[in-house]
Amino acid sequence: MKNFSIVLAIAGMLLFIVPNFFYRNTVNAVDSGGSTEIVTYPDGTWTNKLPVFFGAAMIGIAIVFYVASRPVVKKNGALL
């Protein structure tokens with residue numbers, strides 16, 4: 001489980017960092033009251049940043065798995 005959490009964290013970091021190079025923000029000149037910036041792909045189509053969200057979620061799950069895989073130690077130093 002410890003190795004899986006490390007692999008999951010690496011995959012999450014890649015999903016968190018790499019897609020940001022493919023997005024760009026443009027100003028929405030048409031909408032005066034809603035979103036002021038639109039996230040787009042390089043070709044100009046609107047999108048959301050779901051891969052970045054999933055990367056952050058995978059990092060969080062990896063942290064939970066890593067903490068769960070650590071052995072439980074009593075106050076006197078003995079393993080449970």
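These figures come from a predicted structure and were not determined experimentally. Heavy-atom basis, side chains included; hydrogens, waters and symmetry copies ignored.
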message: Tell me whether Met1 shares a hydrophobic cluster with Leu8, the cluster being built from Ile, Leu, Val, Met, Phe, Trp, Tyr side chains joined at under 4.5 Å.
response: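 Yes, same cluster.
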query: Applying the 4.5 Å side-chain criterion to the ILVMFWY set and letting contacts propagate, would Phe21 and Met13 be lumped into a single cluster?
result: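 Yes, because Phe21 and Met13 connect within a single hydrophobic cluster, where side-chain heavy atoms sit under 4.5 Å apart.
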field: Distance (rounded to the nearest 0.5 Å) between Asn20 CG and Leu15 CG
entry: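 Result: 10.5 Å between the selected atoms.
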message: So, using side chain to side chain contact (heavy atoms under 4.5 Å, CB included) as the criterion, who are the partners of Val18 when residues are at least two apart?
response: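 So Val18 forms a side chain to side chain contact (heavy atoms under 4.5 Å, CB included) with Leu14, Phe22.
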Donor-acceptor pairs are to be reported for all side-chain atoms of residues 56-65 against protein atoms at under 3.5 Å, with residues two or more places apart or in another chain.
none

- prompt: Taking ILVMFWY side chains as joined if any heavy atoms are under 4.5 angstrom apart, and letting links pass through other members, which residues group with Val7?
  reply: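 Direct or chained contacts put Val7 with none.
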